[in-house]
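Heads up: the structure comes next, in structure tokens.
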Amino acid sequence: MDIYLIAPLPNFGSEALIADKILNIDERYALMASAGITTVAALLEGDFNIRLCDEMTEDVDFDDPSDVIAISMNVAQASRGIEIARRFRAMGRRVIMGGPHVSLAPGDFDGEADSLIIGEFETVASALSRDLLADTLQPRYLCGQADLASAPVPRWDLYNNDRAISGVIQTSRGCPFECSFCDVIQYLGRVQRHKPIENVLAEAQVLYDLGYRSINLSDDNFTVHRKKSRVLLEGLAGWNGREGREPVQFATQASIDLSRDAELIELCNQAGVRDIFVGIETSNEEALKEVKKRQNLRRDLVTEISRIVAGGLTVTGGMMVGFDHDDLGCFERQFEFGMALPVVNLRVSVLVAPIATPLYEQMAAEGRLFTDGTETSFPGGDLWTNIEPRQMTRRQLAEGAIWLVEALHEPDNAIRRFEHLAAILGPPPEHLRASDRKVTPGKGASGIFKLFRQAASDPQARRVIDAVNELSHQRPEIARDLSFALSIFLNSFTSLHRLSQQGSRQVHLSREKPIAQPA
């Protein structure tokens, strides 16, 4: 039986000024390979001929003759997933849908597929495989929680690896915190489950052998379970750059409380975990309280982020605006906060209420959900919220967020943050110093080189490139870290430039600050 397994293109939206999923060049590259469809492919049991499509790297082939079309999606992919499903079903194909958003809001997909997978696929993979082969496909499969100890190595051999920058390994699922805007804990739970270290190393070796030299440890909170994190990091430290292997740059996601554990930071450094995404969100403590982001409360966030960076980890920071405690002065305050951090890449987002979250329920109860047919259930990846803010309009929030993104990407401001980063970033250990040894360009390197060449033709971007080159000459031991941060910055900068040239925004701003107190 033939199965065509698709990861739809996310809905970036017309205001998506920071593309953290694709390269902004005229060729298709995903910043991270799709672990979802490769994992599903590995779990199917029986005589299946499986073809994968990650729409971030290639177009969907609507002429594919497969018997079954399977679509895996999160909230940002849901609208496109439904479009794809409708086209295939109109041709008489059987369509199966699954993934986080289907699991959180199955009612939104009623009538759009022949079968829905609700929950973690591992627990029904055998049953689904048998039913497909017996032609007894059920309309719904209700799943339990997966045991990651039995997780197979994803089918990376089926994936378009030449069009991805970073490989992906999921080492755990779940997060113990209770941020009210987070749908991850609604889907995967608050009790963290972990993949055995031997499984993680096996997956790392597969990706390494395929040519990946950048791997994302795709966890909701990599360091929150200290004992498990230590075992995993010790294993990675013993693998990475050893036995003739070239250094691999790992990235992951953690919470701010990592800053309190100097030993864990050092283990990250020894393992080659050189980039950590931290949801910094805001310096406004009342805003943090309202969304139950308690782990960020009563902390000097600038000092704690600086401590992480000094330990040898670059930080990519999540920054959010649009809380009930945010007035129209929040954009200037967030800009000053961001400029105080040793963080180059700050991903600005507006507060949205994903379906099935406590925030969604709160906004629905207060009559503050914005309803236009799709945005309530499928908020996109742009800077328009699906709620009615308390102290500003949705348009004012979008305008302020765009101004904040542009201000943070001004070359002079970016150079200041690069200088701050280079002044305090701790070096990698000797065995992982790319400057001391030959390193083969990893997967997707040609796309990164093209991004640099394209950006260098812009005089403003060129200033940042030249400044980072000078910093790299001054500190060659962190040159690879600076280059990695520069590539992410240039990708966002290119996105800004392209939107400006196309005039495709729904809101248009001058360079003036959008600060005017609401009536």
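Index from 1, following the sequence. When reading the values below, keep in mind they use all heavy atoms of this one structure, side chains included, and skip hydrogens, waters and symmetry mates.
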### From CG (L359) to CG (L351), nearest 0.5 Å
5.5 Å
### Task
State, yes or no, whether a side-chain contact exists between R480 and P247 at a heavy-atom distance under 4.5 Å.
yes
### Query
For residues E203 and N199, is any side-chain donor paired with an opposing acceptor at under 3.5 Å?
no
#### Entry: Minimum side-chain heavy-atom gap N413-I415 below 4.5 Å
no
### Query
Side chain of N284, backbone of E286: donor and acceptor closer than 3.5 Å?
yes
### Query
Any idea how Y208 and W239 line up, ring-wise: parallel (<30°), tilted (30 to 60°), or perpendicular (>60°)?
perpendicular
### Query
For the side-chain contact (heavy atoms from CB on, under 4.5 Å) test, which of I276, D300, I280, L313 pairs with I305?
I280
### Message
Does E290 form a side chain to side chain donor-acceptor pair (under 3.5 Å) with H325? I'd like the steps, not just the answer.
### Response
CA-CA 8 Å; E290 79 181 56; H325 285 85; 2.6 Å; yes
### Query
CZ of F452 to OG1 of T494: how many Å apart, nearest 0.5 Å?
10.0 Å
#### Entry: R163 (side chain) donor-acceptor with Y159 (main chain) under 3.5 angstrom
no
### Query
Are any of the side-chain nitrogens in D219 or K195 under 4.0 Å away from the carboxylate oxygens of its partner?
no
### Query
Can any side-chain N or O of R80 pair as donor or acceptor with the backbone N or O of M73 at less than 3.5 Å?
no
### Message
If you compare all heavy atoms of P342 against all heavy atoms of L421, which two are closest, and at what distance to 0.1 Å?
### Response
O-CD1, 3.7 Å
### Query
Distance from M320 atom CE to T385 atom OG1, nearest 0.5 Å?
9.5 Å
### Task
Tell me, please, whether F484 has R274 positioned over its six-membered ring: NZ or CZ under 6.0 Å from the ring centre and within 45 degrees of its axis?
no
### Closest contact, heavy atoms only, Q295 versus C179
NE2-SG, 3.6 Å
### D326 side, atom CG; R390 side, atom CZ - distance, nearest 0.5 Å
12.5 Å
### Query
How close do T357 and S180 get, heavy atom to heavy atom, and via which atoms?
CB-O, 3.4 Å
### Task
Indicate yes or no: does D466 engage R462 in a salt bridge with an N to O separation below 4.0 Å.
yes
### Message
Give me the atom names and distance for the closest heavy-atom approach of I478 to P428.
### Response
CG2-CD, 4.4 Å
### Query
Can the ring centres of F335 and F331 be said to be less than 6.0 Å apart?
no
### Task
With S229 as reference, evaluate T223, T171, D261 under the side-chain contact (heavy atoms from CB on, under 4.5 Å) test and give the passing residue.
T223
### Query
Do the charged groups of R260 and D257 touch, with an N to O distance under 4.0 Å?
yes
## Note on the structure
Between the CG atom in N345 and the NE2 atom in H409, the distance rounded to the nearest 0.5 Å is 6.5 Å
### Task
Return yes if some donor-acceptor pair links the side-chain N/O of E388 with the main-chain N/O of R368 below 3.5 Å, else return no.
no
### Message
Any donor-acceptor pair under 3.5 Å linking the side-chain atoms of N216 with those of T252?
### Response
no
### Query
Within a strict 4.5 Å, meaning less than it, do heavy atoms of the T314 and V309 side chains meet?
no
